[in-house]
K.L.:
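Encoded as structure tokens, here's the structure I'll be asking about.
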Amino acid sequence: MTSIYNQIIFTLSFLAVSFVLYFRFGFQISKIIRRRVCPVCFAVGSTWLFLLILSFTGIYEVNRLLIAMLLSESVVGVSYLVEEFLLVYNLKFDDYLLKFGIILYGTTSTLTFAFIHELIGLLLFLPVIVFGFLSLTPIKKPS
């Protein structure tokens with residue numbers, strides 16, 4: 001059993017490495033997906049994805065509450081993208097209502113992951129990921 005302290009140090013270390021890797025590879029990733037990617041979003045998303053892979057494959061034991069905290073950070077990040085989403089798709093909608101809905105839904109999926117069932121929580125979290133991706137500003141190709 002890996003101690004929680006080791007897991008925290010490992011997580012923080014990987015988060016820092018992901019942030020640095022963004023500046024090496026993030027621009028290439030942005031070109032591939034044709035959307036601008038935030039360095040913090042990249043680092044946090046990469047970290048929880050990496051920890052999920054390690055945990056589900058049994059390579060490294062990770063406390064799911066630690067992963068749930070990172071998922072929650074992504075929920076907050078996605079809620080900050082609401083205005084961008086509305087601009088990108090030229091929608092007229094109350095941004096506060098949409099932000100509140102994302103926070104409420106994302107929190108529900110994260111709590112489900114943390115306290116009820118990991119897989120169900122992750123399945124519920126998928127719409128947050130999709131909305132976050134759709135909210136990223138598209139990169140226009142030069143004409």
K.L.:
Decide whether Leu104 and Ile120 are clustered together by the hydrophobic rule: side chain heavy atoms of Ile, Leu, Val, Met, Phe, Trp, Tyr closer than 4.5 Å, transitively.
P.N.:
no
K.L.:
Flag yes if more than 12 heavy atoms outside Tyr80 fall under 6.0 Å of its OH atom; otherwise flag no.
P.N.:
no
K.L.:
Could you give the distance from CD1 (Ile102) to OG (Ser79), rounded to the nearest 0.5 Å?
P.N.:
6.5 Å
K.L.:
So, does Tyr105 use its side chain to make a donor-acceptor pair with the main chain of Leu124 at under 3.5 Å?
P.N.:
yes
K.L.:
Between Gln7 (side chain only) and Asn63 (backbone N and O only), is there a donor and an acceptor less than 3.5 Å apart?
P.N.:
yes
K.L.:
Sequence neighbours excluded, which residues qualify as salt bridge (Lys or Arg N to Asp or Glu O under 4.0 Å) partners of Arg35?
P.N.:
none
K.L.:
Quick one: does any side-chain atom of Arg64 pair with a main-chain N or O of Ala114 as donor and acceptor, under 3.5 Å?
P.N.:
yes
K.L.:
Is it true that Phe125 and Trp48 have ring centroids separated by less than 6.0 Å?
P.N.:
yes
K.L.:
Among Phe42, Phe14, Phe19, exactly one meets side-chain contact (heavy atoms from CB on, under 4.5 Å) together with Thr47. Which residue is that?
P.N.:
Phe14
K.L.:
Backbone N or O of Leu51 within a donor-acceptor pair of the Ser55 side chain at under 3.5 Å?
P.N.:
no
K.L.:
Would you say that more than 12 heavy atoms from the other residues, nucleotides or ligands in this model lie under 6.0 Å from the CZ of Phe100, or not?
P.N.:
no
K.L.:
Kindly compute the distance separating NE2 (His117) from CG (Leu122), expressed to the nearest 0.5 Å.
P.N.:
10.0 Å
K.L.:
Distance from Ile139 atom CD1 to Ile33 atom CD1, nearest 0.5 Å?
P.N.:
7.5 Å
K.L.:
Do Phe93 and Leu97 make a side-chain contact, defined as non-hydrogen atoms from C-beta onward lying under 4.5 Å apart?
P.N.:
yes
K.L.:
Please answer: with hydrophobic residues joined when any side-chain heavy atoms are less than 4.5 Å apart, are Phe133 and Leu87 in the same cluster?
P.N.:
no
K.L.:
How about Tyr5: does its OH atom have over 12 heavy atoms from other parts shown lying under 6.0 Å from it?
P.N.:
no
K.L.:
Decide yes or no for Tyr60 and Asn6: does some side-chain heavy atom of the first lie under 4.5 Å from some side-chain heavy atom of the second?
P.N.:
yes
K.L.:
With hydrophobic residues grouped by side-chain heavy-atom distances under 4.5 Å, do Leu65 and Ile8 end up in a single group?
P.N.:
no
K.L.:
Would you say the side-chain atoms of Ser109 pair up with the backbone N or O of Gly106, donor to acceptor, closer than 3.5 Å?
P.N.:
yes
K.L.:
Hydrophobic clustering (ILVMFWY, side-chain heavy atoms < 4.5 Å, transitive) - are Val130 and Leu71 grouped together?
P.N.:
yes
K.L.:
I want to check something: taking the side chain as every heavy atom from C-beta on, are Phe131 and Val82 in contact at a cut-off of under 4.5 Å?
P.N.:
yes
K.L.:
Could you walk me through whether Phe85 and Tyr89 pass the ring-ring contact (aromatic ring centres under 6.0 Å, His included) check?
P.N.:
CA-CA 6 Å; Phe85 177 81; Tyr89 295 99; 4.9 Å; yes
K.L.:
Determine the sole option in Asp94, Leu81, Leu98 for which the side-chain contact (heavy atoms from CB on, under 4.5 Å) test with Leu86 is passed.
P.N.:
Leu98
